[in-house]
Colleague: 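Would you mind keeping the following structure in view while I ask a few things?
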Amino acid sequence: MKQTRILHLLQSNRPVDNVIIKGWVRTRRDAKGFSFIEVNDGSCLKNMQVIADSSLVNYKEITKLSTGSAVAVTGSLMESPGKGQKWELKADGLEILSLTPDTFPLQKKRHSDEFLRTIAHLRPRTNKYSAVFRIRSELSFAIHKFFKDRGFKYIHTPVLTASDCEGAGELFKVTTLDLDSVPKKDGKTDFSLDFFGAATSLTVSGQLSAEMFALALGDVYTFGPTFRAENSNTSRHVAEFWMVEPEMAFSDLNDAMDLSEEFLKYLTGYVMDECVDDLELFAKYVDKNLMKTLEGLITSDFTRLSYKEAMEILSKSGQTFEFEVGFGKDLQSEHERYLTEHYFKKPVIIYDYPKNIRPFYMRINDDNKTVAAMDVLVPNIGEIIGGSQREERINVLEARLDKLGLSKKDYWWYVESRRYGSAYHSGFGLGFERLLMFLTGVTNIRDVIPFPRTPSSISF
RNA sequence: UCCCCAGUAGCUCAGUUGGCAGAGCAGAUGGCUGUUAACCAUCAGGUCCGCGGUUCGAGUCCGUGCUGGGGAGCCA
């Protein structure tokens, strides 16, 4: 007989005979003549309360059931006379699939996130982490649905790459060379003998590849892992993270801003509708203001202001910042947080950044000082989206590469896309984990990704 | 990479001016009970992160290393 998921059973509107559930024991409470066993199968936050009567042949073993044990229970779904739940499963049979020894590190009580990170292979068995990863799954689906509904095509951009996308971030090198005896030529590593015949690394962004496809299929997006070998030790950085990058042909900076706002509102609304129970856990135990923040995002129009205007607000704010405010300087975390959390108290889009603090592919504005770039800032997180209109004029692009000392040869295919049928286009990148942090109120990025990769930490 | 904080039982933590190592939960045993972070009693459980130093005496003070966390930079 096939198991029924607990999620499904708890939504039942009538008693059901002859069902089977399979899951893990969260806790057992013995009563006179029977035992209450809370079973969770991961389909939802809630447990199924199983009633195991002492008449069961293996009742003696059942009263030894420990937290974490795997069981299969057959029985009848009945209305519960107790208070905490509508339904319970009266067991006809309870098979102990595996009995967990008392060294099982998870208890019914709350654990610290720091401790759970040290047992990342077991933490999805807790309420909080199962909720995080169910939401992560729903959110992934919502991303695909959003784009599909709008005619975007999903592009699988490569993970292995020879080009350093933006000069952004340190790269993880990929090689099959024998590291104990690396072939040298003129004192340097001879990558012509490597697997691809060229220096290779893990991608830091799918954007450049996505642009090629936008200039063919129109509206496209990528959604996949990216890798940065930066020695960042913060609650907002991991070395392997997932990024969503839409790219739209015949689209300018305003279109990108419009899409980013619509996108964030859609995803927030989707999770609020589809993950009610899981979200409630975060609103109750992680961030008391969570629902207010999420509703705020959905209902408010994002404030849009230029970098110049943002600078004026900051310098007139009367606030003392650790970092100086001034044109040509990038916005620091404290500036972003002041704008979105204190001044506007809602999401803010800042656009037209000075060109000298932005990468080569962003389109230079007519003032020749700024580029058509935009960042979306949200409360609690800061920058969640960064995007731009791309430079479609081949002469301007080549001049920019030269000026920044980047090799036109390395980017030959990228430049060539501007030679043949070039068209204005724009796009942005959204940090998937940062969005999850925003939606759950979880404050450490290590806790919204299954197995976080951070400097000197890759045990799992 | 820089600044700050922390490390005590399986887990969450307390530990006073330097003076016998503590509680709750988890575990074991027994009891009670349609319970729901069940409850009650008893028992068991320790390299006080490692190394070095000061002291009659160090969990406590000093130095150093390791690990974790918070903040910053870099960025998504």
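Sequence lines set the chain letters: A, B, ... in the order given, protein chains first and strands last, and positions in each chain run from 1. Values below: all heavy atoms of this structure, side chains included; hydrogens, waters and symmetry mates excluded.
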Colleague: Determine which nucleotide pairs with A21(B), using a 3.5 Å limit on both distances of a Watson-Crick or G-U wobble pair.
Modeller: none
Colleague: Could you check which nucleotide pairs with G27(B) in any of the strands shown, counting Watson-Crick or G-U wobble with both distances under 3.5 Å?
Modeller: C43(B)
Colleague: If you only use heavy atoms from C-beta on, which nucleotide in G34(B), A72(B), C74(B) is closest to the side chain of S333(A)?
Modeller: A72(B)
Colleague: Under 4.0 Å: is that the gap between some side-chain N or O of K64(A) and OP1 or OP2 of U29(B)?
Modeller: yes
Colleague: Please check the phosphate of C25(B) (OP1 and OP2 only) for any side-chain N or O of R110(A) closer than 4.0 Å.
Modeller: no
Colleague: Which pairs count as ring pair (Phe, Tyr, Trp, His ring centres under 6.0 Å) when at least one residue sits in residues 64-118 of chain A, sequence neighbours excluded?
Modeller: H111(A)-F115(A)
Colleague: Counting any heavy atom closer than 4.0 Å, what does V238(A) reach on the DNA or RNA strands: base, sugar-phosphate only, or nothing?
Modeller: base
Colleague: Determine the interatomic distance between P on A37(B) and the same-named atom on G73(B); round to the nearest Å.
Modeller: 43 Å
Colleague: I'd like to check the side chain to side chain donor-acceptor pair (under 3.5 Å) partners of Q85(A); sequence neighbours left out, ordered by chain and number.
Modeller: S80(A)
Colleague: Kindly state each residue pair satisfying salt bridge (charged side-chain N to carboxylate O under 4.0 Å, His left out) with at least one member in residues 15-28 of chain A, sequence neighbours excluded.
Modeller: R28(A)-D30(A)
Colleague: Distance between the P atoms of C48(B) and G27(B), in whole angstroms?
Modeller: 26 Å
Colleague: Tabulate below the donor-acceptor pairs under 3.5 Å that side-chain atoms of residues 93-100 of chain A make, not counting sequence neighbours, or state none.
Modeller:
{"unit_1": "T100(A)", "atom_1": "OG1", "unit_2": "G68(A)", "atom_2": "O", "d": "3.0"}
{"unit_1": "T100(A)", "atom_1": "OG1", "unit_2": "S69(A)", "atom_2": "N", "d": "3.2"}

Colleague: Considering Watson-Crick and G-U wobble pairs with both distances under 3.5 Å, what does C74(B) pair with?
Modeller: none
Colleague: Output the single nucleotide from G70(B), G34(B), C74(B) whose closest atom is nearest the side chain of P81(A).
Modeller: G34(B)
Colleague: With heavy atoms under 4.0 Å as the rule, sort E88(A) into base, sugar-phosphate or nothing.
Modeller: base
Colleague: Kindly list each side-chain donor-acceptor pair under 3.5 angstrom involving residues 128-136 of chain A, sequence neighbours excluded, with atom names and distances?
Modeller:
{"unit_1": "K128(A)", "atom_1": "NZ", "unit_2": "D113(A)", "atom_2": "OD1", "d": "2.9"}
{"unit_1": "K128(A)", "atom_1": "NZ", "unit_2": "D113(A)", "atom_2": "OD2", "d": "3.0"}
{"unit_1": "Y129(A)", "atom_1": "OH", "unit_2": "D113(A)", "atom_2": "OD1", "d": "2.7"}
{"unit_1": "Y129(A)", "atom_1": "OH", "unit_2": "D447(A)", "atom_2": "OD1", "d": "3.4"}
{"unit_1": "S130(A)", "atom_1": "OG", "unit_2": "T126(A)", "atom_2": "O", "d": "3.1"}
{"unit_1": "S130(A)", "atom_1": "OG", "unit_2": "N127(A)", "atom_2": "O", "d": "3.0"}
{"unit_1": "S130(A)", "atom_1": "OG", "unit_2": "R134(A)", "atom_2": "NH2", "d": "3.2"}
{"unit_1": "R134(A)", "atom_1": "NE", "unit_2": "D278(A)", "atom_2": "OD1", "d": "3.4"}
{"unit_1": "R134(A)", "atom_1": "NE", "unit_2": "D278(A)", "atom_2": "OD2", "d": "3.0"}
{"unit_1": "R134(A)", "atom_1": "NH1", "unit_2": "G42(A)", "atom_2": "O", "d": "2.9"}
{"unit_1": "R134(A)", "atom_1": "NH2", "unit_2": "D278(A)", "atom_2": "OD1", "d": "3.0"}
{"unit_1": "R136(A)", "atom_1": "NH1", "unit_2": "E433(A)", "atom_2": "OE2", "d": "3.0"}
{"unit_1": "R136(A)", "atom_1": "NH1", "unit_2": "V448(A)", "atom_2": "O", "d": "2.9"}
{"unit_1": "R136(A)", "atom_1": "NH2", "unit_2": "E433(A)", "atom_2": "OE2", "d": "3.0"}

Colleague: Taking the six-membered ring for Trp, are F227(A) and F172(A) parallel (under 30°), tilted (30 to 60°) or perpendicular (over 60°)?
Modeller: perpendicular
Colleague: Indicate whether OP1 or OP2 belonging to C74(B) is found under 4.0 Å from a side-chain N or O atom of S232(A).
Modeller: no
Colleague: Considering only the C1' atoms, how many Å lie between C20(B) and G15(B), rounded to the nearest integer?
Modeller: 14 Å
Colleague: Of all the choices, G34(B), U1(B), G73(B), which nucleotide is nearest to the side chain of N231(A) once you look at every atom?
Modeller: U1(B)
Colleague: Would you say a side-chain N or O of Q332(A) is under 4.0 Å from OP1 or OP2 of G73(B)?
Modeller: yes
Colleague: In chain order, what residues pass the side chain to side chain donor-acceptor pair (under 3.5 Å) check against D53(A), with sequence neighbours excluded?
Modeller: S55(A)
Colleague: Scan side-chain atoms only and decide if S333(A) and E336(A) contain a donor-acceptor pair under the 3.5 Å cut-off.
Modeller: no
Colleague: Which residues in residues 115-141 of chain A have a heavy atom closer than 4.0 Å to any atom of RNA chain B?
Modeller: F115(A), R117(A)
Colleague: Within the sub-3.5 Å range, which N or O atoms of nucleotides 2-8 of chain B have a protein N or O partner, and how far apart are they?
Modeller:
none

Colleague: Using the P atom on both, measure G50(B) against C66(B) and round to a whole Å.
Modeller: 16 Å
Colleague: Just compare G68(B), C74(B), C11(B) and give me whichever is closest to any side-chain atom of E114(A).
Modeller: G68(B)
Colleague: Is Q107(A) touching bases, backbone alone, or none of the nucleic acid, heavy atoms closer than 4.0 Å?
Modeller: base
Colleague: Using atom P of each nucleotide, how far apart are C3(B) and G10(B) to the nearest Å?
Modeller: 34 Å
Colleague: Counting the atoms with a prime plus P, OP1 and OP2 as sugar-phosphate, which does S235(A) contact under 4.0 Å by heavy atoms, base, sugar-phosphate, or nothing?
Modeller: sugar-phosphate
Colleague: Between K284(A) and E280(A), does any side-chain N to carboxylate O distance fall below 4.0 Å?
Modeller: no
Colleague: What is the pairing partner of A6(B), taking Watson-Crick or G-U wobble pairs with both distances under 3.5 Å in any strand?
Modeller: U67(B)
Colleague: What distance, rounded to whole Å, do you find between the two P atoms, one in G7(B) and one in U12(B)?
Modeller: 13 Å
Colleague: Considering only U35(B), G70(B), G73(B), which nucleotide approaches the side chain of Q49(A) most closely?
Modeller: U35(B)
Colleague: Of the nucleotides G70(B), U35(B), G73(B), which one has an atom closest to the side chain of Q85(A)?
Modeller: U35(B)
Colleague: Got a salt bridge between K153(A) and D219(A), using NZ or NE/NH1/NH2 to carboxylate O under 4.0 Å?
Modeller: no
Colleague: For nucleotides G69(B) and G30(B), find the distance between their P atoms and express it as a whole number of Å.
Modeller: 42 Å
Colleague: Hunt down the Watson-Crick or G-U wobble partner of G57(B), both distances under 3.5 Å, from any strand shown, or write none.
Modeller: none
Colleague: Quick one: does H237(A) reach the base of C75(B) with a side-chain donor-acceptor pair under 3.5 Å?
Modeller: yes
Colleague: Sequence neighbours left out, what pairs pass ring pair (Phe, Tyr, Trp, His ring centres under 6.0 Å) with at least one residue falling in residues 428-460 of chain A?
Modeller: H121(A)-F460(A), F223(A)-F432(A)
Colleague: Y343(A): what forms a side-chain contact (heavy atoms from CB on, under 4.5 Å) with it, not counting sequence neighbours?
Modeller: I313(A), Y338(A)
Colleague: Quick one: look up who A14(B) pairs with, Watson-Crick or G-U, both distances under 3.5 Å, and put none if it's unpaired.
Modeller: none
Colleague: If you assign each of F241(A) and T67(A) to its closest nucleotide in RNA chain B, which residue comes earlier from the 5' end?
Modeller: T67(A)
Colleague: Under 4.0 angstrom, heavy atoms only, what part of the nucleic acid is I384(A) near: base, sugar-phosphate, or nothing?
Modeller: sugar-phosphate
Colleague: H425(A) and side-chain hydrogen bond (donor to acceptor under 3.5 Å, both in side chains): which single residue from E392(A), E211(A), R390(A) fits?
Modeller: E211(A)
Colleague: Do any of residues 18-44 of chain A sit with a heavy atom less than 4.0 Å from RNA chain B, and if so which?
Modeller: T27(A), R29(A), D30(A), A31(A), K32(A), F34(A), F36(A), E38(A)
Colleague: Which residue pairs satisfy the salt bridge (charged side-chain N to carboxylate O under 4.0 Å, His left out) criterion with at least one member in residues 345-354 of chain A, sequence neighbours excluded?
Modeller: none
